[in-house]
Participant: 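I have a structure I would like to understand better, so I am pasting it below and will then ask my questions one at a time.
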Amino acid sequence: MRKYSVFAIAREAMRGHKGWPEQWSSPEPKKSYDVIIVGAGGHGLGTAYYLAKEHGITNVAVLEKGWLGGGNTGRNTTIIRSNYLYDESAGIYDHSVKLWDGLSQDLNYNVMYSPRGVMMLAHNVHDVQVFKRHIHANRLNGVDNEWLTPEEAKAYCPPLNISREARYPVMGAALQRRGGTARHDAVAWGYARAAAARGVDIIQNCEVTDINRGPDGAVTGVETTRGTIGAKKVGVVAAGHSSVLMQMAGVQVPLESYPLQALVSEPVKPVFPCVVMSNTVHAYISQSDKGELVIGAGTDQYTSYSQTGGLHIIQHTLDAICEMFPIFTRMKMLRSWGGIVDVTPDRSPILAKTPVSGLYVNCGWGTGGFKATPGSAHVFAHTVARDEPHPVNAPFTLERFRNGRLIDEAAAAAVAH
Amino acid sequence: MLLIHCPYCEEGRPELEFRHAGEAHIARPENMAELSDEDFERFFFIRSNPKGIVYERWRHIHGCARFFNAARDTVSDRFLTTYKAGEPKPDLDGEGK
Amino acid sequence: MADAIARTGALEGRFLNDEGITLVRAEPATRLLLRAPETALKPLSKALGLDLPQRPKASVSGGKRAALWLGPDEWLVIDENGGDLMEDCASVSAFHSAVDVSHRNTAVLVSGPRVEAVLNAGCPQDLSLDVFPVGACSRTVFGKAEVILWRTERDAFRVECWRSFSDYVFMLLEAASRDR
Amino acid sequence: MAQPFRIATAGRLGKADPVRFTFDGKSFEGLHGDTLASALLANGVHLVGRSFKYHRPRGMVSAGAEEPNALVGVHRDAARRAPNVRATVQEIHEGLNAVSQNRWPSLSFDVGALNDLASPFFSAGFYYKTFMWPKAAWERVYEPFIRRAAGLGEAPDRPDPDCYANRFAHCDVLVIGGGAAGLSAALAAANAGARVILADEQAETGGALRYETGAMIDGMPGWNWAQAVTADLAARDNVRLLTRTTGFGYYAQNMVGLVERLTDHLVSPATDQPRERLWQVRAKRVVLATGAIERHMVFPDNDRPGIMLASAARTYLNHFGVTVGRNVAIYTAGDSAWQAALDLKRSGVSIAAIVDCRPDPQGPHVEEARRLGIECLTGHAVTGTGGRLRVSSIKVRPVSGGAERTIACDALLTSSGWTPAVHLFSQSRGKLAFDAETQRFLPGNAVQELVSVGACAGNIDLGETVAEALKAGHEAAGGVARKLPKLAADSTERWSGGMLGAGEGAGAESTAKAFVDFQNDVTAKDIRQAVREGMRSIEHVKRFTTTGMATDQGKTSNMHGLAIAAEMLDRPIPEVGLTTFRAPYTPVTFGALVGHGKGRLFEPVRRTPMHDWAEAHGAVFEDVGQWKRAWYFPQAGEDMHAAVARECRTVRQSAGIFDATTLGKIEVVGPDAARFMELMYTNPWQKLGVGRCRYGVMLREDGFIYDDGVVGRLAEDRFHVTTTTGGAPRVLNHMEDYLQTEFPDLKVYLTSTSEQWAVIAVQGPKSRDIIAPLVEGIDLSDDAMPHMSVREGMICGVPTRLFRMSFTGERGFEINVPADYGRAVWEAVWAEGEKHGACAYGTETMHVLRAEKGFIIVGQETDGTVTPHDAGLSWAIGKKKTDFVGMRGLARPDLVAPGRKQLVGLRTRDPKTVLEEGAQIVADPDAPVPVPMLGHVTSSYWSENCGHSIALALVAGGHERMGETLYVPMPEGAITVEVTSTVFFDEKGARTNG
């Protein structure tokens, strides 16, 4: 892998940038691999990278039915935070935030991790109680999260409307300063480049059509649109399509796939310094380095794989945005799009071994998967390599839906991911 | 915004009048008390989540307030049919897509 | 013992008259929310003096009393003369549910040539005469509130909503009226 | 001289109708009907903006919505500032104030242009490769710098005073586009009697007929025909004609979003007039007549001001009467651009040359050009341009190679052919099909009820277009029975030819800047570099280079980018893919999408009948769901703490009056009502006597507490159920769900009566004395009406459902009266209460008093993970019951496991210390991070009546920890607490009858 640096750019500038090598190659699939990862999103590519880097497993293929990073990785609003309530959640998301910090250097790819702070607004007494509960739990777990008065919130995010006349006046906010955003495409590309450099095959336009199992029931490989590929282990990291893939191996997962929409405004000069989330009016917003306001909308109410949603969902979100930031009604929506989010009953992910030997699953991130990318990939690689969960993902089992040991952030916090 | 044909109102109505109510044809077991943990998990948590035709429940909550069932293609979001609660699951093999 | 006190509904004194549209608060009325299976419709119709409609979106009215089809087993009965609807149904022994909702709802009378456009500012249904003829009624949404629309004349609708939503509904009607 | 480039003999604007406006502070004159672009061009102004990345000087490229360059800010006043407005779309009006963007200090001298010199460093995706060292510098130095450099216009800095409107509409036929095709389709549909809506984004319908001088329809020049048909359609009842209206989004089941711009072209719109109106149209059939978009040629330095699309120059000339230069050159690969030269020449503009890269173009337009003595350089290419803030010359050489020569000009019109506008078709999920011969993506199979006609369907013959559109409109209207209308239509113009990708001098070896995407400064070589770096999907190329991601969404550039990538990959275009088209077609204001949902109409504010009284008596309110509830009633000089302390004292000493109207109420009626209640609640109901009440607990099927409330039995077959304020709608939905789908045989009906009843709670030792004088027909004695009973009778002469119940632990009543009587009854009760020194109290005091008694609040003590056992409500579960919702869920392993968090009371060692709600509880305050947590404080108050602070908490294994000492760690140190019972006041519960 040719190292990226300002010097490399200078050198290339001299020859019209014609000497840059491929960031990742596009090889033909081999007969078989030690590990096949299904899904070339951030979590999948990251898993392959950490398998190679931390566990020395380089005979790995990442299979992608479309183009790498083209699923939720390339469709989300890139919010990063770890101020979750429960120890289990705080554990995995904070593991991730620690990896975000330094990921650019680790991958030699600028993923533009920007800890500009994530501020969650409290609009009523109940919100205040819930956020205080988070803040105290986070402090004792070593996760930064602090309480701001409305005036402090306004100072941190000047466009914020803290008028008492607002429909739901801002009563305060919880701020995680280490929270922020990153450049979603760069995360996929950076992992892809770094994984490929360590010998991982990234195979795009290769859809898995079946999961093969031997007489003992263990995984033996996959059928794909580009032929049969053998594998000792298969890790499914396919977000909204995970339940479809798991059913190929006869494993039922408690997942439902919903459309989630997002939109960006036309680019404007810097006006919005941080990330703001509001659960009561349900919306989240930040401004990209390019100048676009990046706004996350809610999910549609019905399950779907269509990657589109209703206009009324976007309208409802913009109602809320313009209520919190009345200066934005003259801004224009430039692009809107939809992703497919896989939601579990307790809104927490599943990163675990499955009843099928050699089959592992990483899914159920709902609307919150991007922030977890490095941490999820890191511990999932451990789970696949060692055939046992990393302590951080040990609680995120499939069994919890049987014994009732749920990790119900949604119920406990009523805070959107 | 979907246009949903309500089998009770006998006309297509805007999605804004409806509330989705999850997968259809998952009957609450008669013998709740004897249910095993596995059976309870299947009943309460496991959903088919198909990429293709899904049988789902809707409630015309801001209309006639009835719960009813629908068969919809989750790839195109096209409704194949809607039918009243309690009516048998229609056989739609080969349709949709 | 205190004397009986007057009824003071929501939207006291609210009124708007703009080109092609008029908004008036409806006079207080008695209302009955009737739930019943088909078997009880005959006696109930007899008791109420109205032939309870069984077609979707249908209503029947006689004098100051009307019954609106809300669902296959649900009707809103309105009596603008303050007749005792609960009392009328009390005599019916067949299984049904009659619940007094006289005060639950508030109504706004919306009329004028622009009535369809004004209501379509918040109601996503097709309100054209061929789809929503005079006499048609339906529970639906108006902006972020649930309402019941009842077309009483070509250019006149009665908009029923829950009491605490009436301020919002009236304000949205006003805003829509200004969109000429 | 005013408007030196206005040509007296050309155009359709009223020359006697001048309009003054300003651009960058300089005053100009234009004509009524001008766009900002045409008016500036009339004044010889081409330079209007700077590009995104290199800050290169830019002028208008187009005359429409596809404009990549000419973006300006329009400032109506300090609060009405719109960034990134297309000068080619914005109509001028007297006093219009426009400013250029993304330049400093000025448009003509922009320091940012230094980027252009450094451009070799700013190659595609360069930022992914650097700014990583030193690590901290990204956040502090690089990113802030990048952010300042990026962005275009300035966001508004104060609230927008304008209002916006929304309209739902239905029709038989929706036609998008008002050109020859759209008008024909609308006409045929209207004739067939259909309800028609026709939307066109321009101020006037006509589409390409604005400049297509060679068109004749129905014996009239195309434009005249368009105006005649438009007038005809406008006069019909079954047609709604919407101009300045863009169809921006195609959604499921033929719902199309339109935005109508109502006031941006007006001098001084009325203050209450909506600025824009969103139309959400549900159409039985949609006819797409969205036309085609001309592409520029890709060659070195093809971006100087004065270089624009040929069709744009024709529009400025033939419609606006403006010439874009005095000595104009043309560079084309297609036939239509030749017509621009002919039009200009005929208007007396000199044509420097027509350069056509095709070896031997044929046709009347070619002969005519030669006849007019225009130099026609066929088989030639433009390989460069000169000029700084305006093109001054072009370099031309034979395609076959040979000497380069320079030709002077002050404008260059380019055309590489036409891209059908298939955006909405693609949004409708229709599959696009690539036509290899003409190198175009055309509509393939539609999956919704729609049809594409005219140029957007690839049709380049006017006669055929009109015929096909008439047929489409006719059939869309279901007018098959009637006779298909016919119209004679023909045009002398040719729309054939064209090319995709880089032209001469911009090939693989070139290092020149040949722009593909003007606004984002993406060149042919950037796209090649992306492919070299392994970007094989067009989606990757697009994201890596940002081509097609500017505010114009690549309308003029996408096909070029795709072709260059395909060439590099040596694969056919369809295999490289076409980036999917997403809504919106052109940017849509947030305001239009918000519509009426601004300010007071953002969300309903629900108020009780007694709200105004509370307000008049100084209440401070809190939001509970959509409700405003009186929080506390401060008297002069009281803060919240003092007010609540007084209210708490008063209630227990004499009495308090509380507005409980917001509680949800459901009437459960029918012979099986009790059976149904048994299934819905954990409690037993069969044996509850008529006239008695019981506190009910409702679970979800998974065994966790869902809601609670007091239920009164009014008759054998009638229950009055109350729910939490927030829970009212979902509890009714939950009950209806089970009743309709799981227990349909039960003879029960449910009706919401939440708003039928105003509820006045009178609590305290004096409560009975207060209401007694007002009540009629109810014996209030303890024997006749014990605690937890309900009676129907009269109060103040109106009917009431009177509950004897208590959420405070005191003797108490809840008076339910029909809502319209609520205010009057409240005032009567208040008058009586004052005689006994009673007070009005709010939700905060209600919370304190119930906490003193250990009563839970669902949503505060419970959070969706708490069982009745956890909450100390095991007593509320009917022991003999064989089934109720949640029974099985409750038995799951983790829900019966030891160590669950259970509700307990907490006493602080220092009685004055009030714990913070949400604070965590630990056994060892000195444990290292992560500190093991046992639970958290759910409720905490100063209890005036107890004389010490009280708290409720969920603590692991709490029921076994009575008397234990635990700690609540706070940033400033741990607070020592003792685990106690949840009841802090009147353990015996004697006062309910006291």
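All chains are named by letter (A, B, ...) in the order of the sequence lines, taking the proteins before the strands, and each is independently numbered beginning at 1.
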Participant: Given the rule in the side-chain hydrogen bond (donor to acceptor under 3.5 Å, both in side chains) test, do A:Arg183 and D:Tyr127 qualify, once you have shown the distances and angles that lead to the verdict?
Facilitator: CA-CA 11 Å; A:Arg183 172 85 187 122; D:Tyr127 31 73; over 6 Å; no
Participant: With the side chain counted from C-beta on, respond yes when D:Lys129 and A:Asn110 share a heavy-atom pair under 4.5 Å apart, and no when they do not.
Facilitator: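 A side-chain contact under 4.5 Å is absent here.
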Participant: Indicate yes or no for a side-chain donor-acceptor contact from A:Arg139 to the backbone of D:Pro969 under 3.5 Å, with no hydrogens or angles considered.
Facilitator: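 Indeed, once roles are kept as given, a pair shorter than 3.5 Å links the two residues.
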Participant: Is A:Gln287 close to chain D through its backbone or its side chain, or both, or neither, when contacts mean heavy atoms under 4.5 Å?
Facilitator: both
Participant: Heavy atoms only: give me the nearest D:Glu539-A:Trp67 pair and the separation to one decimal.
Facilitator: CG-CZ2, 3.2 Å
Participant: Please examine the side chains of A:Met331 and D:Pro156, heavy atoms only from C-beta on, and report whether any two atoms are closer than 4.5 Å.
Facilitator: yes
Participant: In terms of heavy-atom proximity below 4.5 Å to chain D, should A:Pro158 be classed as side chain, backbone, both, or neither?
Facilitator: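 Answer is neither: A:Pro158 stays 4.5 Å or more from chain D.
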Participant: Which heavy atom of A:Ser336 sits nearest a heavy atom of D:Pro584, and at what distance?
Facilitator: N-CD, 4.3 Å
Participant: Where does A:Asn161 contact chain D at under 4.5 Å (heavy atoms): side chain, backbone, both or neither?
Facilitator: neither
Participant: Which bit of D:Pro932 comes within less than 4.5 Å of chain A, counting heavy atoms only: side chain, backbone, both or neither?
Facilitator: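 No part of it gets close to chain A.
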Participant: Let me know if D:Glu143 has heavy atoms under 4.5 Å from chain A in its side chain, its backbone, both or neither.
Facilitator: side chain
Participant: Restricting to non-hydrogen atoms, name the atom on D:Met132 and the atom on A:Ser104 that form the minimum distance, rounded to 0.1 Å.
Facilitator: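 Nearest heavy atoms, D:Met132 then A:Ser104: SD-O, 3.6 Å.
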Participant: Taking the side chain as C-beta and beyond, is there a heavy-atom pair between D:Glu533 and A:Glu22 under 4.5 Å?
Facilitator: no
Participant: Side-chain donor-acceptor pair under 3.5 Å between D:Arg429 and A:Thr308, yes or no?
Facilitator: yes
Participant: Quick one, D:Thr589 with A:Arg330, criterion side-chain contact (heavy atoms from CB on, under 4.5 Å). Give me CA distance, side-chain angles, the key distance, then yes/no.
Facilitator: CA-CA 6 Å; D:Thr589 63; A:Arg330 280 181 126 79; 5.8 Å; no
Participant: Looking at A:His126 and D:Gln860, would you say the former's side chain and the latter's main chain have a donor-acceptor pair under 3.5 Å?
Facilitator: no
Participant: Checking A:His136 against D:Glu916 for the side-chain contact (heavy atoms from CB on, under 4.5 Å) test, could you report, in this order, the C-alpha distance in whole Å, the side-chain angles of both residues, the deciding distance, and whether it holds?
Facilitator: CA-CA 10 Å; A:His136 288 292; D:Glu916 183 165 279; 2.6 Å; yes
Participant: Quick one, A:Ser26 with D:Arg536, criterion side-chain hydrogen bond (donor to acceptor under 3.5 Å, both in side chains). Give me CA distance, side-chain angles, the key distance, then yes/no.
Facilitator: CA-CA 9 Å; A:Ser26 302; D:Arg536 288 157 183 271; 3.3 Å; yes
Participant: Which atoms of A:Leu68 come close to chain D, meaning under 4.5 Å heavy atom to heavy atom: side chain ones, backbone ones, both, or neither?
Facilitator: both
Participant: Answer yes or no: is there a side-chain heavy-atom contact under 4.5 Å between D:Asn520 and A:Lys290?
Facilitator: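 Yes; the side chains approach each other to less than 4.5 Å.
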Participant: A:Leu263 versus D:Phe590: any side-chain heavy-atom pair under 4.5 Å?
Facilitator: yes
Participant: Which answer fits A:Asp87, side chain, backbone, both or neither, if we ask what part of it has an atom under 4.5 Å from a heavy atom of chain D?
Facilitator: side chain
Participant: Using a strict threshold of under 4.0 Å (side-chain N to carboxylate O), is an ion pair present between D:Lys135 and A:Asp101?
Facilitator: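 A salt bridge links A:Asp101 with D:Lys135.
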Participant: Among A:Trp189, A:Tyr4, A:Trp20, which residue satisfies the ring pair (Phe, Tyr, Trp, His ring centres under 6.0 Å) criterion with D:Tyr128?
Facilitator: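 Between D:Tyr128 and the candidates, ring pair (Phe, Tyr, Trp, His ring centres under 6.0 Å) is satisfied uniquely by A:Trp189.
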Participant: Is there a side-chain hydrogen bond (donor to acceptor under 3.5 Å, both in side chains) between A:Lys269 and D:Asn102 once you walk through the steps?
Facilitator: CA-CA 8 Å; A:Lys269 293 296 178 188; D:Asn102 199 35; 2.9 Å; yes
Participant: Can you check side-chain contact (heavy atoms from CB on, under 4.5 Å) on D:Val594 and A:Ile321, steps first, answer last?
Facilitator: CA-CA 9 Å; D:Val594 168; A:Ile321 292 293; over 6 Å; no
Participant: Any Lys/Arg nitrogen of A:Arg400 or D:Asp894 sitting under 4.0 Å from an Asp/Glu carboxylate oxygen of the other?
Facilitator: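 Salt bridge: no.
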Participant: Taking side chain as everything from C-beta outward and backbone as N, CA, C, O, which of these in A:Arg116 sits under 4.5 Å from a heavy atom of chain D? Side chain, backbone, both or neither.
Facilitator: side chain
Participant: Counting heavy-atom pairs under 4.5 Å to chain D, which of A:Gly16, A:Ala137, A:Gly69, A:Gly291 comes out on top?
Facilitator: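 It is A:Ala137.
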Participant: Any side-chain heavy atom of D:Val922 sitting closer than 4.5 Å to one from A:Leu140?
Facilitator: yes
Participant: Given a strict heavy-atom distance threshold of 4.5 Å, which part of D:Asp157 is in contact with chain A: side chain, backbone, both, or neither?
Facilitator: backbone
Participant: So which part of A:Ser288 gets closer than 4.5 Å to some heavy atom of chain D, the side chain, the backbone, both or neither?
Facilitator: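 Looking at A:Ser288, just its backbone touches chain D.
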Participant: Measure A:Glu323 against the heavy atoms of chain D and call it side chain, backbone, both or neither at under 4.5 Å.
Facilitator: side chain
Participant: Taking the side chain as every heavy atom from C-beta outward, state whether D:Lys525 and A:His17 have any atom pair closer than 4.5 Å.
Facilitator: no
Participant: Do the side-chain N and O atoms of D:Thr551 and A:Glu266 include a donor-acceptor pair separated by under 3.5 angstrom?
Facilitator: no
Participant: Given heavy-atom pairs under 4.5 angstrom as the criterion, report whether the side chain, backbone, both or neither of A:Phe272 touches chain D.
Facilitator: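 Contact with chain D: backbone only.
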Participant: Please rank A:Asn124, A:Asn141, A:Val271, A:Leu334 by heavy-atom pairs under 4.5 Å with chain D and give me the top one.
Facilitator: A:Leu334
Participant: Using non-hydrogen atoms and a 4.5 Å limit, figure out which bit of D:Ala149 sits close to chain A: side chain, backbone, both or neither.
Facilitator: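 Interface part for D:Ala149: backbone (N, CA, C, O).
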Participant: Run the numbers on A:Tyr113 and D:Glu139 for side-chain hydrogen bond (donor to acceptor under 3.5 Å, both in side chains), then give the verdict.
Facilitator: CA-CA 8 Å; A:Tyr113 167 53; D:Glu139 219 183 306; over 6 Å; no
Participant: So which part of A:Met171 gets closer than 4.5 Å to some heavy atom of chain D, the side chain, the backbone, both or neither?
Facilitator: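 Side chain only.
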Participant: I want to check something: taking the side chain as every heavy atom from C-beta on, are A:Tyr168 and D:Glu603 in contact at a cut-off of under 4.5 Å?
Facilitator: yes
Participant: Measure A:Asp185 against the heavy atoms of chain D and call it side chain, backbone, both or neither at under 4.5 Å.
Facilitator: side chain
